[in-house]
> 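Before anything else, here's the structure in question.
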2 protein chains.
Amino acid sequence: MRKGRETRAKILDAAEAAVLAKGFGATSIDELIVETGITKSGFFYHFRDKNELAKALLERYIENDERIYDEIFGRARELADDPLQAFLIGLKLLSELLSDLPNGHPGCLVATMCTQERAFDREIREINRQAALMWRRRFGAMFRDIMQVHKPREPLDADQLADMVSTVLEGGIVLSKALKEPKSLPDQVLVFRTFVRLLFQPAGQP
Amino acid sequence: MRKGRETRAKILDAAEAAVLAKGFGATSIDELIVETGITKSGFFYHFRDKNELAKALLERYIENDERIYDEIFGRARELADDPLQAFLIGLKLLSELLSDLPNGHPGCLVATMCTQERAFDREIREINRQAALMWRRRFGAMFRDIMQVHKPREPLDADQLADMVSTVLEGGIVLSKALKEPKSLPDQVLVFRTFVRLLFQPAGQP
DNA sequence: CGAAAACTGTACTGACGGTACAGGAGCGCA
DNA sequence: TGCGCTCCTGTACCGTCAGTACAGTTTTCG
């Protein structure tokens with residue numbers, strides 16, 4: 001009864017490692033069943049097709065992502081009362097975490113699945129959309145908190161600012177991969193951090 | 001003698017349309033040869049393998065991309081003497097151009113090929129890197145020009161600012177695709193534009 | 001013990017990328 | 001006129017991969 005979930009997890013572990021190493025399309029089911037020590041029939045007992053594997057992988061990835069954000073910005077919130085300071089600390093922590101990844105960010109699954117090298121099904125696209133909306137809600141709430149205390153020097157929409165966080169992260173991942181410079185991603189986060197600081201800094205202050 | 005290039009272009013046209021519609025992996029050679037009215041042998045006469053097709057497609061895409069940037073920021077430069085104003089106008093024009101795409105941005109090939117759903121070869125990764133470096137040089141020069149006239153309110157590296165342009169574009173594409181909101185991309189460009197304006201606006205000015 | 005869950009084994013299909021190779025049409029040139 | 005080159009066609013074949021079908025077996029839990 002429980003062994004099923006174990007095997008499923010083992011497949012997902014092998015899949016995650018392979019997908020992050022060489023991409024989803026280049027990861028074959030045959031290779032996963034060898035790794036997992038299972039048969040092909042066994043694989044298809046757990047996943048109807050490769051799309052469902054992608055779905056499970058994506059859901060897992062997003063869950064983990066959310067957990068990391070909870071941790072980082074929760075910790076930041078403990079370190080500062082002011083929501084702006086907390087957010088700035090959170091971005092700093094995030095940048096440091098991204099710097100510490102030895103080979104750079106392994107790549108966002110949400111991005112890989114919506115830059116659609118392969119044709120993924122509607123369910124996956126919907127999960128992707130929900131993930132992006134969750135990011136918007138999370139960071140949008142933070143910006144609204146900030147705006148209740150600090151007047152922005154320019155009128156900007158909280159949701160668009162929230163989207164900017166996702167944009168910088170996703171774009172930074174793409175750029176650092178294209179450039180083969182892992183440092184670009186944390187650097188871009190810090191540039192964005194400077195922009196946010198600038199936006200809510202009272203006029204005339206250094 | 002010249003007919004070869006014609007056929008090659010026809011293949012690339014068919015490939016570009018198909019790839020932008022459903023992704024590179026989902027585009028089969030068989031389908032391209034039907035579209036082009038050529039045989040499989042004919043296809044492999046022009047392209048050693050699918051990787052070389054990707055390469056040709058990518059080179060074409062980047063060339064076109066550069067042309068668009070030349071046009072937009074060239075036009076912007078005509079409209080304003082001040083490099084900051086010119087850059088801000090350029091971003092506005094870019095945002096408008098992105099708004100006018102009926103189905104949203106079709107997706108950046110550089111991004112699809114470095115979020116590596118499939119394993120692309122080194123040559124392609126190098127072309128990708130060169131493209132990102134060209135963007136950095138282009139926008140880096142603009143920011144250096146701006147900095148010779150305007151003092152930034154915060155000390156930021158011109159190259160990192162230049163990378164931010166690529167980041168916002170690539171990230172915006174990913175986000176607008178994930179959200180299924182084409183407007184997000186031009187919106188993000190405008191948010192970035194506000195940040196740039198803020199950065200070079202003299203302290204104390206509204 | 002019995003039933004359901006969790007597989008194994010075998011055999012097969014169709015799509016796809018790719019190879020090999022022989023040959024032919026059309027064109028420019030000496 | 002014929003040689004050679006570019007630009008293909010045609011045919012046959014291969015390995016990999018996702019996926020199907022389905023019968024049978026082991027494992028696990030109540």
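Numbers restart at 1 for each chain; the letters A, B, ... are given by sequence-line order, proteins then strands.
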> What residue pairs, at least two apart or across chains, pass side-chain hydrogen bond (donor to acceptor under 3.5 Å, both in side chains) with a residue in residues 82-96 of chain B?
D82(B)-H150(B), K92(B)-E96(B)
> What is the distance, to the nearest angstrom, from the CZ atom on R5(B) to the C1' atom on dC8(D)?
16 Å
> If you measure from the Lys or Arg side-chain nitrogens to the Asp or Glu carboxylate oxygens, is any gap between R60(A) and E63(A) under 4.0 Å?
no
> Could you tell me the separation between the NE2 atom of H46(A) and the C1' atom of dG19(D), rounded to a whole number of Å?
17 Å
> Write out all pairs satisfying side-chain hydrogen bond (donor to acceptor under 3.5 Å, both in side chains) with one or both partners inside residues 41-50 of chain B, taking only residues at least two apart or from two chains.
R48(B)-E52(B)
> What residues from residues 49-57 of chain B pass a heavy-atom cutoff of under 4.0 Å to DNA chain C?
D49(B), K50(B)
> Between dA18(D), dC7(C), dC8(D), which nucleotide gets closest to the side-chain atoms of T7(B)?
dC8(D)
> Taking CD1 from I29(B) and C1' from dT19(C), how many angstroms apart are they, rounded to a whole number?
12 Å
> Given L97(A) and L93(A), is the side-chain contact (heavy atoms from CB on, under 4.5 Å) satisfied, shown in steps?
CA-CA 6 Å; L97(A) 185 139; L93(A) 291 176; over 6 Å; no
> Take atom CZ of R48(A) and atom P of dT20(D), then tell me their distance rounded to the nearest Å.
9 Å
> For R8(A) and dA5(C), what is the distance between atoms CZ and P respectively, to the nearest whole Å?
15 Å
> Taking side-chain hydrogen bond (donor to acceptor under 3.5 Å, both in side chains) as the definition, give me every residue that meets it alongside Q130(B), ordered by chain and number, with sequence neighbours left out.
E126(B)
> Could you list all the side-chain hydrogen bond (donor to acceptor under 3.5 Å, both in side chains) pairs where at least one residue sits in residues 156-168 of chain B, not counting sequence neighbours?
D187(A)-Q160(B), Q188(A)-T167(B), R136(B)-D163(B), R144(B)-D159(B)
> Using a 4.0 Å heavy-atom cut-off to protein, can you give one letter per nucleotide of nucleotides 9-14 of chain D, 5' to 3': B if the base is in contact, S if only the sugar-phosphate is, - if neither?
BBB---
> Are the side chains of V165(B) and Y69(B) in contact, using a 4.5 Å heavy-atom criterion?
no
> Hey, what's the ring geometry for F192(B) with F143(B), parallel, tilted or perpendicular (30° and 60° as the breaks)?
perpendicular
> Please pick, from dG18(C), dC17(D), dC16(C), the nucleotide with the shortest atom-to-atom distance to any side-chain atom of D30(A).
dC17(D)
> Please tell me whether R125(B) and N128(B) have a donor and an acceptor in their side chains that are separated by less than 3.5 angstrom.
no
> Could you state the atom-to-atom distance from CZ of F44(A) to C1' of dG19(D) in whole Å?
5 Å
> Nearest whole Å is fine: how far is dA18(D) C1' from D121(A) CG?
15 Å
